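All ligand and atom numbering here is 1-based and tracks the order in the structure. Only a predicted model underlies this, so the values are computations on that prediction, with no experimental measurement involved.
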Amino acid sequence: MSVAFWAVIPAAGVGRRMGGGCPKQYLELLGRPVIAWTLERLLAHPRVSGAVVALAPEDPYWGGVEHGAQKPVYRADGGAERSDSVLAALRRLARVAGAEDRVLVHDAVRPCLGAAELDRLLAEGGEAADGALLATPVRDTLKRGEAGQGGGPAVAATVDRSGLWQAQTPQLFPLGQLTAALEEALESGAAVTDEAQAVERHGGRPRLVSGDPANLKITQPADLALAAAILRAQSAAGPQGEGA
Ligand SMILES: Nc1ccn([C@@H]2O[C@H](COP(=O)(O)OP(=O)(O)OP(=O)(O)O)[C@@H](O)[C@H]2O)c(=O)n1
Ligand SMILES: C[C@](O)(CO)[C@H](O)COP(=O)(O)O
């Protein structure tokens with residue numbers, strides 16, 4: 001039986017590390033809100049049927065977003081933590097999708113997702129029993145810091161980076177599996193920083209699918225200009241999304 005793929009976009013954060021007058025998913029990026037780029041990149045894929053966005057309950061910005069989507073975009077009320085927002089979106093999606101349908105959980109603030117990387121994730125992870133996620137091998141030497149003389153951080157140790165990956169999103173799982181895993185994690189009070197961690201708690205081993213460092217998460221002010229440069233470079237290299 002063929003399964004459908006749905007995007008789940010946590011977009012209920014406040015963007016403390018970014019600062020600014022509005023949550024960073026609504027900051028202007030090359031003339032459009034960040035979230036509009038993200039939604040477009042996901043919905044441009046022919047196998048993606050639609051999306052659920054998890055928004056802050058009092059979000060005053062979403063209504064003004066011209067995302068131009070030609071596929072269904074549903075909304076859910078986000079929660080205090082990212083994982084709460086994701087679970088709320090999964091429960092909303094369950095009203096229109098089946099447990100075996102696949103969900104692509106993708107941060108609203110990762111607008112530079114490349115079509116090639118999304119294709120690769122679907123191809124390599126679409127049938128993976130424990131799901132899959134885009135990730136990149138750690139390329140820099142890692143240091144563990146601690147308070148140093150004079151107050152600033154100082155090196156406590158160098159961390160062996162062999163076998164270490166930086167997790168990105170989308171993270172791809174069967175809807176029923178991820179919903180159950182997140183419900184269990186949140187009911188047990190476990191803090192999970194990404195969807196894969198909830199599945200790992202039950203012994204699951206999600207596939208690591210090679211990603212692109214350009215798929216950055218807009219977190220701090222400098223990331224916005226970097227994202228703009230990446231979008232420009234992607235546009236010059238060829239179509240990535242419908243609006244390209
Ligand atoms: N309660 C939350 C917290 C975060 N997110 C979303 O999860 C994604 C990644 O989270 P992050 O980069 O941490 O965003 P913020 O929580 O807004 O940033 P900060 O931690 O700086 O406040 C973002 O799209 C954000 O909107 C969410 O839906 N619900
Ligand atoms: C899900 C994620 O983007 C994977 O790297 C990351 O864990 C989100 O972390 P944040 O602190 O919620 O931004």
request  = May I have the step-by-step check of salt bridge (charged side-chain N to carboxylate O under 4.0 Å, His left out) for Glu40 and Arg32, ending in yes or no?
outcome  = CA-CA 11 Å; Glu40 177 182 271; Arg32 303 168 71 197; 3.1 Å; yes
Check: every ligand 1 N/O to protein N/O pair under 3.5 Å:
residue  : atom   : partner : partner atom : Å
ligand 1 : 1 (N)  : Gly79   : O            : 2.9
ligand 1 : 1 (N)  : Ala80   : O            : 3.1
ligand 1 : 1 (N)  : Glu81   : O            : 3.4
ligand 1 : 12 (O) : Lys24   : NZ           : 2.8
ligand 1 : 12 (O) : Lys217  : NZ           : 3.0
ligand 1 : 13 (O) : Arg17   : NH2          : 2.8
ligand 1 : 14 (O) : Lys24   : NZ           : 3.4
ligand 1 : 17 (O) : Val14   : N            : 3.2
ligand 1 : 17 (O) : Gly15   : N            : 2.8
ligand 1 : 18 (O) : Lys24   : NZ           : 3.4
ligand 1 : 20 (O) : Arg17   : NE           : 3.3
ligand 1 : 20 (O) : Arg17   : NH2          : 2.9
ligand 1 : 21 (O) : Arg16   : N            : 3.2
ligand 1 : 21 (O) : Arg17   : N            : 2.8
ligand 1 : 21 (O) : Arg17   : NE           : 2.8
ligand 1 : 22 (O) : Gly15   : N            : 3.4
ligand 1 : 22 (O) : Arg16   : N            : 2.8
ligand 1 : 24 (O) : Pro10   : O            : 2.8
ligand 1 : 24 (O) : Ala108  : N            : 3.2
ligand 1 : 26 (O) : Ala12   : N            : 3.4
ligand 1 : 26 (O) : Gly13   : N            : 3.0
ligand 1 : 28 (O) : Ala11   : N            : 3.2
ligand 1 : 28 (O) : Ala12   : N            : 2.9
ligand 1 : 28 (O) : Ser85   : OG           : 3.4
ligand 1 : 29 (N) : Ser85   : OG           : 2.8

key: Listed once per pair and sorted, the salt bridge (charged side-chain N to carboxylate O under 4.0 Å, His left out) pairs that draw on residues 194-212, sequence neighbours left out   = Arg82-Glu195, Glu184-Arg201
query = Are the side chain of Arg75 and the backbone N or O of Ala54 linked by a donor-acceptor pair below 3.5 Å?
reply = no
key: Leu172 CG to Glu124 CD distance, which is reported to the nearest 0.5 Å   = 11.0 Å
Those residues that, when tested against Asp160, pass side-chain hydrogen bond (donor to acceptor under 3.5 Å, both in side chains) (two or more places apart) = Ser162
request  = Starting from the C-alpha separation in whole Å, work towards a yes-or-no answer on side chain to side chain contact (heavy atoms under 4.5 Å, CB included) for Asp119 and His45.
outcome  = CA-CA 8 Å; Asp119 267 340; His45 197 287; 2.6 Å; yes
key: For ligand 2, the residues whose heavy atoms come within less than 4.0 Å (ordered by chain, then number)   = Arg17, Arg82, Asp107, Arg110, Ala167, Thr169, Thr193, Asp194, Lys217
message = Would you say the ring centers of Trp62 and His67 fall short of 6.0 Å from each other?
response = yes
message = Looking only at the side chains, is there a donor atom on one of Arg91 and Thr179 sitting less than 3.5 Å from an acceptor on the other?
response = no
query = Going by atom types only, do Arg102 and Gln177 share a side-chain donor-acceptor pair under 3.5 Å?
reply = no
